[in-house]
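Only one structure is covered here, and it is reproduced in the block below.
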Amino acid sequence: MNRRTALLHAWRGSAALAVLGALAACSSTPPSPGPESAQAGQGAFVAVHDSVIASTIEYDGVAMPVQQATLATKLMGTVAEVLVHEGDAVTGGQPLVRIDARDVEAKAAQVGAAVAAAAAARDQAATHAGRMRRLYADSAAPKAMLDAAETGLAQAEAGLRAANANGAEVESVRDYAIVRAPFAGTVTRRFVDPGAFAAPGMPLITIQDESRLRIAATATPEVARALLRGTPLDATVDGRAAHASVEGVVPAAAGGVYTINALVANAARTFAAGAPATLAVHVGTRHALLVPAGAIVREGDLTGVRVRAGNASDLRWVKVGVRAGAMIEVLSGLRAGEDVLVPGGSGA
């Protein structure tokens with residue numbers, strides 16, 4: 001092998017080694033990153049301060065409709081028709097149930113005939129009394145005949161009034177043959193079907209108006225007595241936030257405690273009637289550690305925050321309390337002066 005060939009082989013070997021070294025460098029695994037750091041655009045650290053917030057006590061209750069009625073009839077008879085089903089929306093005055101009232105119709109016909117007869121008797125007595133007045137004025141009839149005519153007219157008028165009263169009574173009874181909705185609402189219970197026997201006072205239909213709910217909660221006297229009608233309260237209905245207004249405060253039947261009645265507007269039917277509810281009553285102020293709601297990290301039932309650790313952040317599990325606007329109270333796991341990471345936020 002001459003010198004030129006040897007130099008060519010040496011150059012090719014060096015180039016191959018260089019290529020292999022470059023490939024090895026490209027395929028090497030990069031070092032594992034350290035703790036998460038707050039890069040630009042990732043978020044900002046916010047200092048945790050000891051704040052003063054309103055102190056509240058939550059009282060449990062149930063949200064019930066302000067208007068609810070179970071309807072019955074004063075008649076005794078067979079149910080002819082049930083015109084609604086459970087869940088139907090009804091308007092005030094809408095017929096709901098019709099009772100077979102043929103005996104009432106027969107009675108109404110009898111009373112109508114009696115009223116007509118009484119009216120005819122009154123007209124006849126009025127005509128006779130008028131004739132006697134003219135004759136008496138012309139001295140053609142004695143005073144006794146006039147008095148008898150006047151008495152007959154008074155008796156006929158009294159008979160007509162009694163017949164009309166009987167007619168009004170029958171009409172009122174006939175009205176009970178059709179059970180109507182006393183207000184607009186929703187049918188929540190249907191107790192009877194056509195063919196069932198209805199008796200006076202027997203429940204037929206239950207309706208309720210869910211547009212306004214009343215939360216009744218029991219509280220201690222010192223808390224309840226401080227509430228005036230119209231006082232706004234924070235509330236929850238089935239875990240959903242609501243705004244309530246105090247309707248009134250009355251002593252509870254159990255004694256030693258008071259019942260707070262608060263109204264919740266529900267025109268959009270956002271809340272279900274009969275759902276569990278709470279009323280939050282402010283009873284002064286207290287100190288608390290607050291962090292922005294966006295700083296809270298949730299994993300299942302666990303809650304945590306990312307706390308500054310040098311130029312990075314460490315996840316720390318904490319126990320949270322109530323929400324105060326855009327902030328959330330941290331009960332344990334965090335100290336005042338520490339910084340928490342707010343993803344996408346700005347420093348405070």
Any donor-acceptor N/O pair, [X] side chain to [Y] backbone, under 3.5 Å:
X: Q124; Y: A121; result: no
X: T231; Y: L227; result: no
X: N164; Y: L160; result: yes
X: D138; Y: L135; result: no
X: R269; Y: A267; result: yes
X: T73; Y: Y176; result: yes
X: N266; Y: E210; result: yes
X: D209; Y: S211; result: yes

Between [X] and [Y], which heavy-atom pair has the shortest distance, and what is it?
X: D314; Y: A309; answer: OD2-CB, 3.3 Å
X: A125; Y: A156; answer: CB-CB, 3.7 Å
X: G43; Y: L341; answer: C-CD1, 4.0 Å

Please list, chain by chain and in numerical order, all residues satisfying side chain to side chain contact (heavy atoms under 4.5 Å, CB included) with A216, sequence neighbours excluded. T259, N261
[X] [atom1] to [Y] [atom2] distance, which is reported to the nearest 0.5 Å:
X: D123; Y: H128; atom1: CG; atom2: NE2; result: 14.5 Å
X: L146; Y: R134; atom1: CG; atom2: CZ; result: 11.5 Å
X: R98; Y: T78; atom1: CZ; atom2: OG1; result: 11.0 Å
X: I260; Y: L279; atom1: CD1; atom2: CG; result: 6.5 Å
X: R131; Y: M145; atom1: CZ; atom2: CE; result: 10.0 Å
X: D50; Y: L289; atom1: CG; atom2: CG; result: 5.5 Å

Flag side-chain contact, heavy atom, 4.5 Å: [X] against [Y]:
X: V179; Y: P95; result: no
X: V82; Y: R190; result: yes
X: P292; Y: I328; result: no
X: I53; Y: H287; result: no
X: F271; Y: D238; result: no
X: H243; Y: D234; result: yes
X: V264; Y: I215; result: yes
X: T56; Y: V283; result: no

How far apart are the C-alpha atoms of R214 and E247, what are their side-chain angles, what is the distance that settles it, and do they pass the side chain to side chain contact (heavy atoms under 4.5 Å, CB included) test? CA-CA 9 Å; R214 177 185 289 116; E247 179 188 25; 2.7 Å; yes
Under the side-chain hydrogen bond (donor to acceptor under 3.5 Å, both in side chains) test, which residues partner R240, sequence neighbours left out? none
Set of residues satisfying side-chain hydrogen bond (donor to acceptor under 3.5 Å, both in side chains) with respect to E58, sequence neighbours excluded: none
Counting only heavy atoms not in F191, do more than 12 fall under 6.0 Å of its CZ? yes
Taking only Lys NZ, Arg NE, NH1 and NH2, and the carboxylate oxygens of Asp or Glu, determine whether E329 and K319 approach each other closer than 4.0 Å. no
Could you check whether R316 pairs with E338 (Lys NZ or Arg NE/NH1/NH2 to Asp/Glu carboxylate O, under 4.0 Å)? yes
Please check if any side-chain donor atom of [X] sits under 3.5 Å from a side-chain acceptor atom of [Y], or the reverse.
X: T206; Y: T70; answer: yes
X: T278; Y: T236; answer: yes
X: E157; Y: Q155; answer: no

If hydrophobic clusters are built from ILVMFWY residues whose side chains come within less than 4.5 Å, do L233 and V62 share one? no
